[in-house]
Amino acid sequence: MPSQKDPSSASDNSAQDLSTQNALESAGIDSAAINYPHNPDFENGRWFPTWRPYKGNLDRDPVGINDYLPPSKSVLLGIQHTFAMFGATVLAPLLMGFDPNLAILMSGICTVMFFMITGGRMPSYLGSSFAFIGPVIAVTAYAGAGFNDNLNVALGGIMACGIIYALIGLLVMKTGTGWIERLMPPIVTGAIVMIIGLNLAPVTIQGVSANQFDAWMATLTVLLISGVAVFTRGMLRRLLLLVGLVLSYVAYFVMTNILGFGTAIDFSTVAAASWFGLPSIHTPRFEMSAIILIAPVAFILVAENLGHFKAVEGMTKARVTPYMGRAFLADGLATTFSAGFGGTGVTTYAENIGVMAVTKVYSTTIFVVAGLVAIILGLSPKFGAIIQTIPAALLGGASIVVFGLITVAGIKIWIDSHIDFSKNSNLIIAAVTVIMGTGNFSLHLGGFDLGGIGTATLAAIVLNALFNQSSEAK
């Protein structure tokens with residue numbers, strides 16, 4: 001293959017670009033959705049990209065989506081992504097009365113499924129979705145503690161939601177992504193990405209503000225993670241979240257278990273847990289009342305994941321938008337699969353996107369490793385118990401960093417897209433969306449709660465449509 005840097009190969013490259021474009025379009029992929037430079041290894045017209053070993057400098061060069069690192073580094077980076085998703089993936093099932101160990105196991109399996117269905121082109125981790133919490137509690141009348149006795153009814157609704165979501169993915173694969181681009185241009189997607197981080201901020205802050213000791217330990221965690229990100233180099237910098245959490249865990253142990261400040265870490269559950277064990281499997285039950293209430297969550301997941309994928313595209317400078325249909329399909333099938341065995345609905349995780357934003361490692365092979373690690377944890381109650389000893393204050397401190405990075409990723413979409421804020425239309429779309437999402441302003445459609453992110457996303461789409469139509473008419 002001629003080198004792209006060789007001027008004499010321009011005509012050959014043009015023919016190759018045209019061939020690749022035709023192959024993509026025949027597969028239902030809109031290759032012209034984003035004007036990023038053509039990458040012949042990534043956009044090769046096949047299901048999987050052409051994999052290549054990483055040859056850059058970890059201190060300076062990002063790791064591309066279709067790059068792969070040596071096994072030792074891949075394992076460490078994969079474990080870091082498992083840590084990043086763990087707090088939310090465990091918290092969501094606890095809030096709904098699901099089995100957290102089963103949720104971890106399903107998140108790992110679903111992440112590997114996502115890699116296969118998307119062809120390794122979309123760097124993402126699938127974890128428990130918080131969008132289901134409100135509808136599930138409403139359907140099951142869950143009291144908020146212990147096992148959810150009406151879990152089976154909720155599982156049927158989640159499976160229906162996953163099927164609808166998968167059908168949306170098939171539609172996007174068939175029709176292309178042009179209509180999504182018109183529906184959600186950068187001014188909208190940047191705002192959606194921002195509110196994903198900002199909407200989660202109050203819950204995170206409240207979680208670490210129960211007492212001053214936890215607040216200070218969360219602050220220490222932020223400082224340690226930030227210090228690793230700024231003052232280290234190479235592989236150590238890429239592992240900022242993992243290293244920062246380990247350092248803060250040691251500091252917390254010394255402060256509590258040795259010096260007697262705060263609540264000591266309880267290792268009794270670790271000693272009592274077995275090394276291997278299968279989580280309990282639950283069978284879904286389909287009831288129309290539950291399906292009507294839970295199934296519309298599919299549209300919230302579409303909006304949420306669209307923001308995630310746009311953030312990934314902005315970070316990687318790779319044309320991942322043409323593969324968005326695959327991603328919707330993969331997430332929908334994964335949600336259906338997870339609920340079929342008693343797990344939660346899943347979604348791409350903003351936490352892991354935040355990790356990518358700061359590490360600059362976008363390789364999808366890392367997420368396969370993270371998924372395998374999660375499967376091991378899900379099948380080992382002892383390993384799960386060890387991870388669950390991480391104090392909430394430390395997870396909260398890590399979340400402050402991660403959610404902040406997600407918010408900045410939204411701003412970066414605006415900057416990279418050269419959004420003109422001298423136009424009142426852009427100002428109003430951005431202002432209304434960000435405040436609605438941050439304040440968790442929520443509308444209800446019948447018995448369905450859109451939630452803060454869903455309401456703000458709907459407002460952004462409607463305002464953009466109105467202003468664009470007005471501008472075109474003028």
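Any value given below was found using the heavy atoms of this structure, including those in side chains, with hydrogens, waters and symmetry copies removed.
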Output yes when a side-chain donor or acceptor of Y252 lies under 3.5 Å from a complementary backbone atom of N257, and no otherwise.
no
Heavy-atom side-chain proximity of T140 to L151 below 4.5 angstrom:
no
State, with a plain yes or no, whether a side-chain heavy atom of I168 is found less than 4.5 Å away from one of L171.
no
Spacing of F267 atom CZ and F253 atom CZ [to the nearest 0.5 Å]
5.5 Å
Looking at V270, is its backbone amide N or carbonyl O close enough to the side chain of K382 to form a donor-acceptor pair, meaning the two atoms are under 3.5 Å apart?
yes
Could you grab the distance from atom CG of N352 to atom CE of M356, nearest 0.5 Å is fine?
7.0 Å
So do the side chains of Y54 and K73 get within less than 4.5 Å of each other, counting heavy atoms only?
no
Would F341 and F337 count as a close aromatic pair, with their ring centres under 6.0 Å?
yes
Which pair of non-hydrogen atoms, one from P49 and one from R121, has the smallest distance, and what is that distance?
N-NH2, 3.5 Å
For W51 and N66, what are the C-alpha separation, side-chain angles and deciding distance, and is it a side-chain contact (heavy atoms from CB on, under 4.5 Å)?
CA-CA 5 Å; W51 303 103; N66 56 312; 4.1 Å; yes
Just to verify, which of V153, I158, I291 counts as forming a side-chain contact (heavy atoms from CB on, under 4.5 Å) with V139?
V153
Within the 3.5 Å criterion, strictly below it, is a donor on N305 or T347 matched to an acceptor on the partner's side chain?
yes
Which atom names give the shortest non-hydrogen contact between A166 and L329, and what distance separates them?
O-CD1, 3.7 Å
Side chains of S124 and T348: do they bring a donor and an acceptor to under 3.5 Å?
no
So which pairs with a foot in residues 104-119 pass side chain to side chain donor-acceptor pair (under 3.5 Å), sequence neighbours left out?
S107-Y125
Can you list the steps and then say if Y362 with V312 is a side-chain contact (heavy atoms from CB on, under 4.5 Å)?
CA-CA 9 Å; Y362 311 118; V312 168; over 6 Å; no
N152/H282 under side-chain contact (heavy atoms from CB on, under 4.5 Å): CA gap, chis, key distance, verdict
CA-CA 7 Å; N152 296 353; H282 303 279; 3.9 Å; yes
Indicate the atoms forming the closest heavy-atom contact of A370 with T82, along with that distance.
O-OG1, 3.3 Å
Are any side-chain N or O atoms of T335 and backbone N or O atoms of G332, one a donor and one an acceptor, separated by less than 3.5 Å?
no
Test salt bridge (charged side-chain N to carboxylate O under 4.0 Å, His left out) applied to D67 and K360, K55, R52, the passing residue:
R52
Measure the acute angle between the ring planes of F328 and F309, then classify it against the limits of 30° and 60° as parallel, tilted or perpendicular.
tilted
Without swapping roles, check the side chain of D331 against the backbone of A327 for a donor-acceptor pair under 3.5 Å.
no
Please examine the side chains of L155 and T283, heavy atoms only from C-beta on, and report whether any two atoms are closer than 4.5 Å.
no
Are L77 and V369 packed together at the side-chain level, in the sense that at least one heavy-atom pair is separated by less than 4.5 angstrom?
no
Could you tell me whether the side chain of F231 reaches within less than 4.5 Å of the side chain of S226, counting heavy atoms only?
no
Could you give me the CA-CA distance, side-chain angles and deciding distance for I281 and L102, then say whether side-chain contact (heavy atoms from CB on, under 4.5 Å) is met?
CA-CA 8 Å; I281 304 299; L102 180 60; 4.2 Å; yes
Rounding to 0.5 Å, atoms CG (L333) and CG (L167) come to a distance of 9.0 Å
Sub-4.5 Å side-chain heavy-atom contact between P123 and T364
yes
W47 side, atom CH2; M116 side, atom CE - distance, nearest 0.5 Å:
10.0 Å
Separation of T256 OG1 from F213 CZ (nearest 0.5 Å)
5.5 Å
When every non-hydrogen atom of T344 is compared with those of S338, the smallest separation belongs to O-OG, 2.6 Å
Can you check whether F261 reaches M217 side chain to side chain, under 4.5 Å on heavy atoms?
no
Looking only at non-hydrogen atoms, find the nearest pair between G108 and A374 and report the distance.
CA-CB, 3.7 Å
Kindly give the heavy-atom pair with the smallest separation between M106 and G343, and that separation in Å.
CG-CA, 4.3 Å
Measure the spacing between CD of Q80 and CD1 of I366 and express it to the nearest 0.5 Å.
10.0 Å
